[in-house]
Number of protein chains: 2
Amino acid sequence: MSPAGRAGRSRAGQGKLTRGCRRVLAVLEQTRELSSAQDIHGMLRQAEPEAPGLTTVYRSLESLVGMGLVQSVDLGDGEKRYEVVEPGEHHHHLICQGCGASVHLDQCLVEDLEKSIKAKYGFEISSHVLEVFGRCRGCLKSSTK
Amino acid sequence: MSPAGRAGRSRAGQGKLTRGCRRVLAVLEQTRELSSAQDIHGMLRQAEPEAPGLTTVYRSLESLVGMGLVQSVDLGDGEKRYEVVEPGEHHHHLICQGCGASVHLDQCLVEDLEKSIKAKYGFEISSHVLEVFGRCRGCLKSSTK
DNA sequence: CTTATAATGAAAACGATTTCCATTTGAATC
DNA sequence: GATTCAAATGGAAATCGTTTTCATTATAAG
């Protein structure tokens, strides 16, 4: 029911993490890539058959997102991805349709506009989704070659 | 597999529309609101039991999006919405989490940046997704009151 | 009219995510 | 250490929007 999840200034990480949360966070910190819940579960189980179940992974991700330690990214293919972020921060991506690589945008286009949107539309922003698709430098080169 | 769908400059509408496409388009043009495939199907069937089936609605939407007559909008709740657009155009929304209303943004923040992103990251944009969530003027008032 | 092709429909299949519910874990207390 | 209760966990079943499958009709040529 919650529309989406991406925005700044949350109450960042504190409180103790459950076992599941710690395991999930560990995977995301190592990987440093956009990973789906099932990816994460797979990696955990591969390393150890007794690792947290899929349900726990989903629940852990939900908590971590709520705590602002992880952000979820919707690439529009029906499978959400997750990645660690600076507590309470967020960022957007340039996603290459050639190789799948994703580059972080170093600034948020939307935050800059919060005030002007409030002034113009009377609309108060609480979150937003922004992802950009295209071709990265490398893939542009190889297709020209 | 296709990441998402939102971007400008497509080859706009030509070619003849199938029966299904015409019916779907008619609904969207009357409604002028974000509607899901199932919404559209429901409205069609309500008006006429012999109306196109759900499968055809999905296929028609796919075609219409491809032709640039309709854009799909992902609100992150697992159900895509659709709306008519100026052929080949697109736009983004401010979506109120209070009343569900959506306001069109009158300009695309991302297009303006295509050149600078190309210059800075070497990344060539082909499409993007941008939706903003929050509270509209009306809902802000009533919650203060 | 005959024929090849695209469009359509209903039902089954899919697949990520949720929900159920019984079991285990952990911390607080006795 | 034993007891207790709530939170965490796991596996299987259920959800649900969307896709596939496949057999049936329009549609357009020839």
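Letters A, B, ... are given to chains in the order of the sequence lines, protein chains preceding strands, and every chain is numbered from 1. Just so it is clear, the model here is predicted, and its values are computed rather than measured.
With rounding to whole Å, B:Y82 atom OH is found 13 Å from D:dG17 atom P. With rounding to whole Å, A:E62 atom CD is found 12 Å from C:dT17 atom P. A straight line from CD of A:E79 to P of D:dT18 spans 16 Å, rounded to a whole angstrom. If you measure from atom CG of B:L75 to atom P of D:dC16, you get 19 Å, rounded to the nearest angstrom. One atom, CG of A:D77, and another, P of C:dG15, lie 13 Å apart when rounded to the nearest Å. Between the CG atom of A:L17 and the P atom of D:dT9 there is a distance of 11 Å, rounded to whole Å. Spacing between atom CG of B:L54 and atom P of D:dG17 amounts to 10 Å, rounded to whole angstrom units. For the pair A:R59 CZ and D:dG11 P, the interatomic distance rounds to 11 Å; values are reported in whole Å.
Judged as a salt bridge (Lys or Arg N to Asp or Glu O under 4.0 Å), the pairs with a partner in residues 40-57 of chain B (not counting sequence neighbours) are, in order, B:R23-B:E48.
Side-chain contact check for A:L28 versus A:S35: some heavy-atom pair is nearer than 4.5 Å.
Taking only distance into account, the side chain of A:T55 meets the base of D:dG11 through a donor-acceptor pair shorter than 3.5 Å.
In terms of modelled atom types and a separation under 3.5 Å, the side chain of B:S60 and the main chain of B:T56 share a donor-acceptor contact. With hydrogens and angles ignored, the 3.5 Å screen pairs a side-chain donor or acceptor of A:T31 with a backbone N or O of A:V27. B:R135 places no side-chain N or O within 3.5 Å of a backbone atom of A:I125 that could act as its donor or acceptor partner.
Defined by atom type and a distance below 3.5 Å, a donor-acceptor pair is present between the side-chain atoms of A:H91 and A:E83.
Residue A:R19 is classed as a sugar-phosphate contact, given heavy-atom separations below 4.0 Å to backbone atoms only.
Set against C:dT17, D:dT18, C:dT8, the side chain of B:Y58 has D:dT18 as its closest nucleotide.
Taken residue by residue, residues 21-28 of chain B places no heavy atom nearer than 4.0 Å to DNA chain C. A heavy atom lying under 4.0 Å from DNA chain C marks the following residues of residues 30-53 of chain A, by number: A:Q38.
The aromatic ring centres of A:H93 and A:H104 sit less than 6.0 Å apart.
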Report task. Go through the steps for A:D74 and A:R81 under the test salt bridge (charged side-chain N to carboxylate O under 4.0 Å, His left out), then give the verdict. Result -> CA-CA 6 Å; A:D74 190 339; A:R81 313 303 159 83; over 6 Å; no
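For the OP1/OP2 pair of D:dA7 and a distance below 4.0 Å, the side-chain nitrogens and oxygens of A:T18 include no atom meeting the criterion. B:T56 has no side-chain polar atom (N or O) that falls below the 4.0 Å cut-off from OP1 or OP2 of C:dA7.
Taking the six-membered ring for Trp and thresholds of 30 and 60 degrees, A:H90 and A:H128 have ring planes more than 60 degrees apart, a perpendicular arrangement.
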